[in-house]
Amino acid sequence: LGSNSTKLMIPGPIDLEPDVLAALGQQVIAHYGPEWVKIYTEARDGIRRYAETDGDVFLLSASGSAGLDAAVGSLFAPGERVLVVVNGYFSNRLLLIARGNGLDAEPLEMNPGNVATAEGVRSCLKTGSYDGLLICHSETATGALNPVDEICAVANEFGVTILMDSVSSFAACETRMDEWNVSICCTASQKALGGPPGVAPVIVSPIAWERINRVGDVGRGWYTDLRTWKSFVEEMPDYHPQPATMSVNIIRALATSVSRQQKEDLAVRYARMAASAAELRSRVRSLGFTTVAPESHASPTVTAFFPPTGRESEAPAIIQYLQDEVGLVVAKGMGELDSRVVRTGHMSDAAYGPYADLLVETLESYLQSH
Ligand SMILES: Cc1ncc(COP(=O)(O)O)c(C=O)c1O
């Protein structure tokens, strides 16, 4: 699959399957009219199924961060108070996005690798001073998976509005938006959805609109105001269901991927991914590496691991070796884990299968030859 001599095993983007790549390479079409609406609808329907909601799906032509910006700015008014679970680089970005949108954002901080607990969130929320909770499901910097079902239950006890960064968990983990009462989920095309980078799906549950319509008009921009997206889908559903020119090829490729993924039952898919990820972690550990996240809260899509004892400084050399020897591209750590860990993404069938085998074999050969 890998382009030329490289194979992407970073935590997104992923190497594209041949059908997705072919869809990307087709001639450009107009971003309106029946042919376009069919593609757009196919992509949105596939994404809605993963979110387990009857809500709206908007596909912003941008990376995942822009979707988060639009979601935070649309759901909360400047000055509102939100609790942000921060357990790594990307959840810290959620804090920056909240503050960038003028919110009074308070972090609930944990060491990288750790996850939030329902009790920890409860003790913050019981002060009664929060309007919202922002949480990242799978922290891509560490591979830790927050127990979002339990945490959402606590947020619901306090009537707090929930926004979830599902960028690296979506389509790989249960995401029961309606059951958990999550107002907005944001993800990105280049992860487990199997598409190229460049689209930020924003999924808005029916319960979110009362708040979105209430928080006012100031400081929300236009493209990033989700009411703009809603009005176009309502006014021109069969012709121009979005406010602006779309990245038509990327969305066609994304639609191809999610349509193929639809053939598999959700529970079967999630169980398959979780089992493959657990097997990969166990193989890596058997070589002497230590995963950053505890096994009980490990993400099915990302694994970050420390080198074996005595080789603590060798993560950069290992990453280079994987690339030079077999063309396997993995990522370094982020923030305080920068040169201390090797980070792998497994969000595609290739990454769970042949790339995982190649990773383990090449890690073994590194340890034997160094
Ligand atoms: C959990 C999480 N949130 C946000 C982002 C930002 O997404 P993007 O780089 O598409 O803007 C990422 C990217 O990897 C991520 O993993």
Side-chain angles (χ1 to χ4, degrees), residues 1-25 42-43 46-47 49-50 63-64 90 137-141 143 145 166-175 187-201 249-281 283-284 298-305 319 322-323 326-331 342-363:
L1 272 188
S3 67
N4 306 321
S5 56
T6 61
K7 295 173 177 60
L8 276 188
M9 206 180 172
I10 59 174
I14 58 166
D15 279 337
L16 302 177
E17 293 289 334
D19 57 345
V20 179
L21 200 53
L24 190 63
E42 201 177 327
I47 290 168
R49 167 178 172 260
Y50 282 125
S63 87
F90 285 106
H137 192 174
S138 162
E139 172 46 80
T140 317
L145 193 71
S166 303
V167 170
S168 70
S169 58
F170 200 77
C173 297
E174 245 178 18
T175 307
T187 186
S189 50
Q190 74 273 18
K191 310 267 181 190
L193 285 169
V199 171
N249 289 50
I250 297 175
I251 293 175
R252 180 166 39 206
L254 180 63
T256 304
S257 177
V258 296
S259 300
R260 177 169 27 73
Q261 291 177 355
Q262 299 263 10
K263 293 182 189 132
E264 190 174 15
D265 176 75
L266 283 189
V268 171
R269 175 177 169 83
Y270 297 151
R272 173 174 65 76
M273 289 174 151
S276 304
E279 189 189 333
L280 176 64
R281 290 192 298 273
R283 290 170 78 188
V284 166
S299 168
T301 57
V302 190
T303 303
F305 44 91
I319 293 168
L322 290 166
Q323 170 132 19
V326 295
L328 199 59
V329 184
V330 300
V342 177
R343 221 159 40 94
T344 59
H346 26 92
M347 303 175 179
S348 64
D349 289 350
Y352 285 112
Y355 295 5
D357 290 341
L358 197 58
L359 172 75
V360 175
E361 283 159 20
T362 315
L363 288 174

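Counting begins at 1 with the first residue of the sequence.
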Hits for ring pair (Phe, Tyr, Trp, His ring centres under 6.0 Å) against His137, two or more places apart or cross-chain, chain-then-number order -> none

Ring pair (Phe, Tyr, Trp, His ring centres under 6.0 Å) partners for Tyr270, two or more places apart | none

Please name the pair of heavy atoms, one in [X] and one in [Y], separated by the smallest distance, quoted to 0.1 Å.
{"X": "Val258", "Y": "Gly46", "value": "CG2-CA, 4.2 Å"}
{"X": "Ala304", "Y": "Arg343", "value": "CB-CG, 3.7 Å"}
{"X": "Ala171", "Y": "Gln261", "value": "CB-OE1, 4.5 Å"}
{"X": "Cys173", "Y": "Pro300", "value": "SG-CG, 3.5 Å"}

Between Thr301 and His346, is any side-chain donor less than 3.5 angstrom from a side-chain acceptor?
-> no

Glu174: salt bridge (Lys or Arg N to Asp or Glu O under 4.0 Å) partners, not counting sequence neighbours =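 Result, salt bridge (Lys or Arg N to Asp or Glu O under 4.0 Å) vs Glu174: Arg176.
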
Can you sort out the partners of Arg269 under salt bridge (Lys or Arg N to Asp or Glu O under 4.0 Å), two or more places apart, ordered by chain and number?
-> none

Quick one: salt bridge (charged side-chain N to carboxylate O under 4.0 Å, His left out) pairs with a partner in residues 270-280, sequence neighbours left out?
-> Glu264-Arg272, Arg272-Asp349

Using the side-chain contact (heavy atoms from CB on, under 4.5 Å) criterion, which residues pair with [X]? Sequence neighbours excluded.
{"X": "Ala43", "result": "Leu59, Ile251, Ala255"}
{"X": "Val329", "result": "Thr6, Leu8, Ile10, Gln323"}
{"X": "Ala271", "result": "none"}
{"X": "Pro196", "result": "Leu16, Val20, Leu24, Ile250, Ala253"}

For side-chain contact (heavy atoms from CB on, under 4.5 Å), just list the numbers for Phe305 and Leu363, CA-CA rounded to whole Å, side-chain angles, deciding distance to a tenth of an Å, and then say yes or no.
-> CA-CA 12 Å; Phe305 44 91; Leu363 288 174; 4.1 Å; yes

So do the side chains of [X] and [Y] get within less than 4.5 Å of each other, counting heavy atoms only?
{"X": "Tyr355", "Y": "Thr344", "value": "no"}
{"X": "Phe170", "Y": "Lys191", "value": "no"}
{"X": "Arg49", "Y": "Leu266", "value": "yes"}
{"X": "Leu193", "Y": "Tyr50", "value": "yes"}

Atom pair OG (Ser257) and CZ (Arg252), whose distance is rounded to the nearest 0.5 Å |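 Rounded to the nearest 0.5 Å, the OG-CZ separation comes out at 14.5 Å.
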
Roughly how far, to the nearest 0.5 Å, is the CG atom of Leu145 from the OG atom of Ser299?
-> 5.5 Å

With side-chain contact (heavy atoms from CB on, under 4.5 Å) as the test, would you mind laying out the steps for Arg260 and Thr256 before giving the verdict?
-> CA-CA 6 Å; Arg260 177 169 27 73; Thr256 304; 5.6 Å; no

Run the side chain to side chain donor-acceptor pair (under 3.5 Å) test against [X] and tell me which residues pass, sequence neighbours left out.
{"X": "Ser63", "result": "none"}
{"X": "Thr187", "result": "none"}
{"X": "Thr140", "result": "Ser168"}

Could you check Asp357 against Arg283 for side-chain contact (heavy atoms from CB on, under 4.5 Å), going step by step and ending with a plain yes or no?
-> CA-CA 9 Å; Asp357 290 341; Arg283 290 170 78 188; 2.9 Å; yes

Tell me if a side-chain donor or acceptor on [X] pairs with a main-chain N or O of [Y] at a distance below 3.5 Å.
{"X": "Ser189", "Y": "Val199", "answer": "yes"}
{"X": "Ser166", "Y": "Ser169", "answer": "no"}
{"X": "Glu139", "Y": "Ala141", "answer": "yes"}

side-chain contact (heavy atoms from CB on, under 4.5 Å) between Leu359 and Leu322, worked out = CA-CA 7 Å; Leu359 172 75; Leu322 290 166; 3.8 Å; yes

Hey, are Lys7 and Asp15 close enough for a salt bridge, meaning a charged N less than 4.0 Å from a carboxylate O?
-> no

